[in-house]
Amino acid sequence: MTEPTLTLFSRDLLSKWGFNDGCDPDDWLDWCDNRGVEHSAFDFPWAAIVRQHLVPAIEQDVTVVDIETSHNPIRVETVNGADVREAWYGRADEPTLTPDHVDVPMAEVLRLALAEAGLTEPPRSGGVTL
C-alpha cells in the first residue's frame with residue numbers, strides 16, 4: 001500500500017482561489033484525524049509545501065510571492081519574466097505550467113507543518129499513534 005499524498009496542481013499558482021482557496025485540504029484533515037493528530041493546533045503550511053515541492057519541479061522560470069489574504073496565500077508573479085498577476089483574477093490568459101502537478105507524502109506535509117509551528121511532535125487527540 002502506498003502512502004497517502006497531497007496533490008499540488010501547478011495551475012493553482014495562477015489563481016486567487018488556488019490551493020483550496022487557502023483552506024486546509026479535506027484529505028489532510030482526514031489523514032490527521034485517522035492518526036490522532038490535532039491539526040487545529042497549527043496552521044496548514046501551503047507556502048512551505050509549494051516552495052519546497054512544487055516550485056522546484058516547475059519547468060518554467062517562475063517567481064512566487066506570498067500573499068497576506070484569506071485566499072490562496074502563494075502565487076506565481078512572473079513566468080519566464082512576464083508578469084502574470086492579472087491571471088490571478090481571470091483578467092488575462094494563464095500560461096501553461098509544467099508539470100501539471102506534484103504529489104507530496106502526507107508525512108512530509110506534517111513535517112513541514114510542525115517545522116513552521118516550531119514543534120517537534122504533533123499535538124495529539126484521542127491517543128492514536130502515527
Is there side-chain contact between P4 and D27, with at least one heavy-atom pair below 4.5 Å? no
Are the side chains of K16 and T69 in contact, using a 4.5 Å heavy-atom criterion? no
Value for CG (D12) from CD1 (I74), rounded to nearest 0.5 Å, stands at 11.5 Å
Determine the interplanar angle of the F9 and H101 rings, folded into 0 to 90°, and report it as parallel if under 30°, tilted if 30 to 60°, perpendicular if over 60°. tilted
Tightest non-hydrogen contact, residues P123 and F42, listed as CD-CE2, 3.7 Å
- Query: When hydrophobic residues are tied together by side-chain contacts of less than 4.5 Å, even through go-betweens, does Y89 share a cluster with I67?
  - Reply: yes
Closest non-hydrogen atoms of H53 and V104, given as atom of the first, atom of the second and distance, are CB-CG2, 3.6 Å
Fill in: Check: R75 and R85 side chains under 4.5 Å, non-hydrogen atoms
no
May I ask you to decide if the ring planes of F19 and W46 are parallel, tilted or perpendicular, using 30° and 60° as cut-offs?
tilted
- Query: Can you tell me if CG on D93 sees more than 12 non-hydrogen neighbours from other groups inside 6.0 Å?
  - Reply: no
State, yes or no, whether a side-chain contact exists between V50 and V55 at a heavy-atom distance under 4.5 Å. yes
Open item on the list: Assigning hydrophobic clusters by single linkage (Ile, Leu, Val, Met, Phe, Trp, Tyr; side-chain heavy-atom cutoff under 4.5 Å), is L97 placed with L8?
Closed with: yes
If hydrophobic clusters are built by linking Ile, Leu, Val, Met, Phe, Trp and Tyr wherever their side-chain heavy atoms come under 4.5 Å apart, do W17 and W28 end up in the same one?
no
A side-chain contact here means heavy atoms from C-beta on lying under 4.5 Å apart; do L6 and F44 qualify? yes
Separation between CD (E108) and CG (D103), nearest 0.5 Å, reads 13.0 Å
Are the side chains of L114 and P122 in contact, using a 4.5 Å heavy-atom criterion? yes
Between P99 and A57, the two heavy atoms sitting closest are CD-O, 3.0 Å
**Message:** I want to check something: taking the side chain as every heavy atom from C-beta on, are I58 and L13 in contact at a cut-off of under 4.5 Å?
**Reply:** yes
Kindly check if the number of other-residue, nucleotide or ligand heavy atoms within 6.0 Å of CG (D43) is above 12?
no
- Query: If you group Ile, Leu, Val, Met, Phe, Trp and Tyr by side-chain heavy-atom gaps below 4.5 Å, do W88 and V79 land in one group?
  - Reply: no
ask   = Under 3.5 Å, is there a donor-acceptor pair between the side chain of E116 and the main chain of A48?
value = no
- Ignoring hydrogens and angles, state whether a donor on the side chain of S40 or E38 is under 3.5 Å from an acceptor on the partner side chain. yes
**Asked** Does the side chain of V76 reach to within under 4.5 Å of the side chain of V64, using non-hydrogen atoms?
**Response** yes
**OP:** Start with the C-alpha gap between S10 and T98, add the side-chain angles, then the distance that decides, and say whether side chain to side chain contact (heavy atoms under 4.5 Å, CB included) holds.
**Re:** CA-CA 7 Å; S10 300; T98 52; over 6 Å; no
- Query: For atom CD of E59, is the number of surrounding heavy atoms from other residues, nucleotides or ligands below 6.0 Å larger than 12?
  - Reply: yes
The reported gap from CZ in R111 to CE in M106 (rounded to nearest 0.5 angstrom) is 15.5 Å
